[in-house]
Amino acid sequence: PAAQPVTEALLELTDVRTGHRVLDAATGVGEPALSAARRVGPSGQVHGIDADAAMLAFARRRAADAGLGHLRFEVMDLNQPILHAGSYDAVLCRWGLMFVDDPAHTLTSFKDSLRPGGRCGVAVWGPDEGAPALSLAYRVLAKKFGEHWLESSLMTPFNLSDQASLKEVFFQVGFDDLKIQKVAAVYEFESVESFLDFRLECSSEFRDRFERLPAASRAEAAALIIEAVSRYRSPDGPIRLENWAYCLSGRQPPP
């Protein structure tokens with residue numbers, strides 16, 4: 001639910017509609033691919049790619065359960081060139097571009113896979129302080145245990161948080177008609193403990209570092225995170241964290 005507004009913004013910014021062919025790069029467990037497939041309908045096609053075969057297996061089950069026979073998935077590394085040149089009306093990449101080795105190379109590949117006039121839409125996180133669901137635990141532990149908790153390997157989700165620089169890359173690779181939209185992704189948790197579970201499950205590196213702490217330090221770290229996130233408790237009970245993403249869309253120029 002938190003991510004759906006970001007998905008909808010990408011679909012709108014890339015003008016995905018009935019009959020379109022859509023590529024969803026770094027689809028993970030199947031989004032925005034499933035949402036795109038519902039929008040394009042049976043007359044369209046959606047192709048989801050990701051490097052993680054296990055996540056794609058889950059995505060395939062979701063697509064089958066939803067009866068989306070025009071949606072297919074394929075294992076593919078975004079650091080490699082995307083084939084199918086000039087094949088797609090839209091390319092989507094929700095929270096994936098920041099993890100590639102060379103964003104300009106990957107964006108060029110996205111552009112080349114579009115038909116003339118087609119659009120590419122990517123979602124990235126803004127600065128880490130505006131995305132507490134991802135960064136709060138790191139920042140709390142950095143204050144207590146040292147700045148190594150804010151090393152680049154842990155902060156990868158924010159690699160492209162400088163919107164001016166990312167816009168410049170879009171222009172450099174040849175996109176035009178650039179559009180940008182700031183979108184709120186609101187994560188809700190039933191308890192402070194469920195937030196900590198979420199962070200441990202979502203980042204293997206964070207989990208490994210956390211579990212390597214001595215038992216006493218680990219207990220202190222958990223208490224500090226729980227104390228920090230408890231400040232986000234809403235009047236009706238749940239923990240509610242508002243996070244800001246940026247959706248950028250560029251056009252493959254017509255001939």
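One-based numbering along the sequence shown. Every heavy atom of this structure was used, including side-chain atoms; hydrogens, water molecules and symmetry mates were not. Given the structure is predicted, the values throughout are model-derived calculations rather than measurements.
Taking the six-membered ring for Trp and thresholds of 30 and 60 degrees, Trp95 and Trp125 have nearly parallel ring planes, at less than 30 degrees apart. Using cut-offs of 30° and 60° on the angle between ring planes, the pair Phe206 and Trp149 is perpendicular.
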- prompt: After noting the C-alpha distance and the side-chain angles of Met155 and Phe158, does the key distance pass the side-chain contact (heavy atoms from CB on, under 4.5 Å) rule?
  reply: CA-CA 6 Å; Met155 301 301 286; Phe158 307 104; 3.7 Å; yes

task: May I have the step-by-step check of salt bridge (charged side-chain N to carboxylate O under 4.0 Å, His left out) for Glu74 and Arg72, ending in yes or no?
output: CA-CA 7 Å; Glu74 181 180 359; Arg72 66 184 179 91; 3.8 Å; yes

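Each of Leu13, Leu92, Leu107, Leu10 was scored for a side chain to side chain contact (heavy atoms under 4.5 Å, CB included) with Val122, with one residue passing: Leu107. Exactly one residue among Leu160, Asn79, Asn159 makes a side chain to side chain contact (heavy atoms under 4.5 Å, CB included) with Val100. That residue is Asn79.
At least one side-chain heavy atom of Leu56 sits under 4.5 Å from a side-chain heavy atom of Arg60. Contact check for Ile239 versus Val192: side-chain heavy atoms found under the 4.5 Å cut-off. The side-chain heavy atoms of Glu168 and Ser165, taken from C-beta on, include no pair separated by under 4.5 Å. Put simply, the side chain of Phe175 reaches to within 4.5 Å of the side chain of Leu114, judged on heavy atoms. In this structure, the side chains of Ser113 and Leu23 come closer than 4.5 Å at one or more pairs of heavy atoms. Contact check for Glu227 versus Leu224: side-chain heavy atoms found under the 4.5 Å cut-off. At a threshold of 4.5 Å between non-hydrogen side-chain atoms, the residues Asp236 and Pro238 count as touching. Side-chain contact check for Leu166 versus Ile180: every heavy-atom pair is 4.5 Å or farther apart.
Under a hydrophobic clustering in which Ile, Leu, Val, Met, Phe, Trp and Tyr are joined whenever their side-chain heavy atoms come within less than 4.5 Å, directly or via other members, Phe171 and Phe110 fall into the same cluster. Residues Leu97 and Val22 fall into different hydrophobic clusters, defined by Ile, Leu, Val, Met, Phe, Trp and Tyr side chains chained together at heavy-atom separations under 4.5 Å. Leu200 and Leu241 fall within the same hydrophobic cluster, where Ile, Leu, Val, Met, Phe, Trp and Tyr residues are linked whenever their side-chain heavy atoms come under 4.5 Å apart, directly or through other members. Using a 4.5 Å cut-off between side-chain heavy atoms of Ile, Leu, Val, Met, Phe, Trp and Tyr, with links allowed through other members, Leu136 and Tyr187 fall into the same hydrophobic cluster. Hydrophobic clustering (ILVMFWY, side-chain heavy atoms < 4.5 Å, transitive): Leu178 and Val169 are in one cluster.
Judged by distance alone, with hydrogens and angles left aside, the side-chain atoms of Asp24 form a donor-acceptor pair with the main-chain N or O of Ala33 at under 3.5 Å. Between the Glu242 side chain and the Arg240 main chain, no donor and acceptor come within less than 3.5 Å of each other. In this structure a side-chain-to-backbone donor-acceptor pair under 3.5 Å is present from Thr156 to Ser153. The closest donor-acceptor contact from the side chain of Arg21 to the backbone of Ser87 lies under 3.5 Å. A donor-acceptor pair under 3.5 Å is formed between the side chain of Asn243 and the backbone N or O of Ala133. A donor-acceptor contact shorter than 3.5 Å links the side chain of His70 to the backbone of Ala37. Side chain of Arg39 to backbone of Leu34: no donor-acceptor contact under 3.5 angstrom is found. Here the side chain of Ser249 pairs no donor or acceptor atom with the backbone of Gly121 at under 3.5 angstrom.
Remark: the Ser35 side chain and the Glu31 side chain contain an N/O donor-acceptor pair separated by less than 3.5 Å. In the model, His47 has a side-chain atom that pairs as donor or acceptor with a side-chain atom of Tyr88 under 3.5 Å. A donor and an acceptor atom, one from each side chain of Tyr138 and Arg199, are located under 3.5 Å apart.
Remark: aromatic rings of Tyr232 and Phe189 are distant, center separation not under 6.0 Å.
One finds a salt bridge joining Arg251 and Asp176 here, because a Lys/Arg side-chain nitrogen approaches an Asp/Glu carboxylate oxygen to under 4.0 Å. For Glu12 and Arg119, the salt-bridge test fails: no basic side-chain N is under 4.0 Å from an acidic carboxylate O. Using a 4.0 Å cut-off between a side-chain N of Lys or Arg and a carboxylate O of Asp or Glu, Lys144 and Glu220 qualify as a salt bridge.
Listed here is the closest heavy atom pair of Arg233 and Gly237: NH1-O, 2.7 Å.
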